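Bear in mind that the values here come from a model prediction, so they are computed numbers and not experimental data. Computed over heavy atoms, backbone and side chain alike; hydrogens, waters and symmetry mates excluded. Position 1 is the first residue of the sequence; numbering continues from there.
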Amino acid sequence: MEPEKPKEAAASQPMEAEAGGDPVDPRELVSSDDEIDYSAEPEFYDPELDDADERWVNRQRKGRTSDAVLSCPACFTTLCLDCQRHEIYVNQYRAMFVRNCKVKTDQILREGKGKRKNRKGKAANSSATSEGENKGAVYHPVCCEVCSTEVGVFDEDEVYHFFNVIPSNS
């Protein structure tokens, strides 16, 4: 037989009221889900919203298909709705129509290797180095307009090349 607990100790335990008004001891609850009333419809859910969003995206794409929807890796801002995945590098994408992107036209990135060194460790002659630099394509860094994270580059042909993004199914 268990010893009886004083009525004062039982009364000091917090009791919560259920939807029916019956008091519930919080120690008897299995999880916090037991406290949620699923019979009431959530306040912030709109079943028509997903369909409206899909129609908006289709209008933005103008009938074109996309390999992914690209987002910023830092703030998850949508950067591109219409892009193509690179044939070899599956984590890279290219696009012509973007949003929430800022091109840093004051910075220039060139494709190619840096200064070559000969066997003695001295830099190669300057004419060969400048000639090699001029042959490489010119790019400008592209950043997220919201958080300034660098997400790709913009080339001379006005094509965006994304490599630091989060792709999602389109």
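- Ring orientation note: the planes of Tyr89 and His86 are tilted relative to one another, at an angle of 30° to 60°.
- Side-chain contact check for Phe76 versus Ile166: some heavy-atom pair is nearer than 4.5 Å.
- Of the residues Val98, Val165, Val146, the one that meets the side chain to side chain contact (heavy atoms under 4.5 Å, CB included) test with Leu79 is Val165.
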Review point. Where do Phe154 and Cys101 land on the side-chain contact (heavy atoms from CB on, under 4.5 Å) test, with the steps shown first?
Key: CA-CA 10 Å; Phe154 185 69; Cys101 290; over 6 Å; no
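- In this structure, Phe163 and Asn91 have side chains that are not in contact, with every pair of non-hydrogen atoms separated by 4.5 Å or more.
- Looking only at side-chain heavy atoms (C-beta outward), Pro73 and Val151 come within less than 4.5 Å of each other.
- Considering all non-hydrogen atoms of both residues, Ser148 and Lys102 come closest at OG-NZ, 3.6 Å.
- Without hydrogens or angle criteria, Asp155 side chain to Asp157 main chain gives a donor-acceptor distance under 3.5 Å.
- The number of heavy atoms from other shown groups lying within 6.0 Å of CD (Glu87) does not exceed 12.
- Side-chain N or O atoms of Ser71 include none that pairs as donor or acceptor with a backbone N or O of Thr78 at under 3.5 Å.
- What you find for Asn164 and Glu150 is that their closest heavy atoms are ND2-O, 2.7 Å.
- Considering all non-hydrogen atoms of both residues, Phe97 and Cys80 come closest at O-SG, 3.6 Å.
- Checking side-chain atoms of Arg85 against main-chain N and O of Val90 turns up a donor-acceptor pair under 3.5 Å.
- Residues Lys104 and Cys143 come closest through the heavy atom pair CE-SG, 3.3 Å.
- Contact check for His161 versus Tyr139: side-chain heavy atoms found under the 4.5 Å cut-off.
- The closest donor-acceptor contact from the side chain of Ser66 to the backbone of Cys83 lies under 3.5 Å.
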Practice item. For the pair Leu109 and Val153, evaluate side-chain contact (heavy atoms from CB on, under 4.5 Å) and give the outcome as yes or no after the intermediate values. Key: CA-CA 9 Å; Leu109 305 172; Val153 294; 3.9 Å; yes
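- Distance check: Met96 CE to Tyr160 OH gives 10.0 Å after rounding to the nearest 0.5 Å.
- Leu70 and Val103 fall within a single hydrophobic cluster, where Ile, Leu, Val, Met, Phe, Trp and Tyr side chains are chained together by heavy-atom contacts under 4.5 Å.
- Using modelled atom types, one side-chain atom of His140 and one backbone atom of Gln107 make a donor-acceptor pair closer than 3.5 Å.
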Exercise for review: Kindly indicate, with the supporting measurements, whether the criterion side-chain contact (heavy atoms from CB on, under 4.5 Å) is fulfilled by Leu81 and Trp56.
Suggested key: CA-CA 11 Å; Leu81 299 170; Trp56 180 84; 3.8 Å; yes
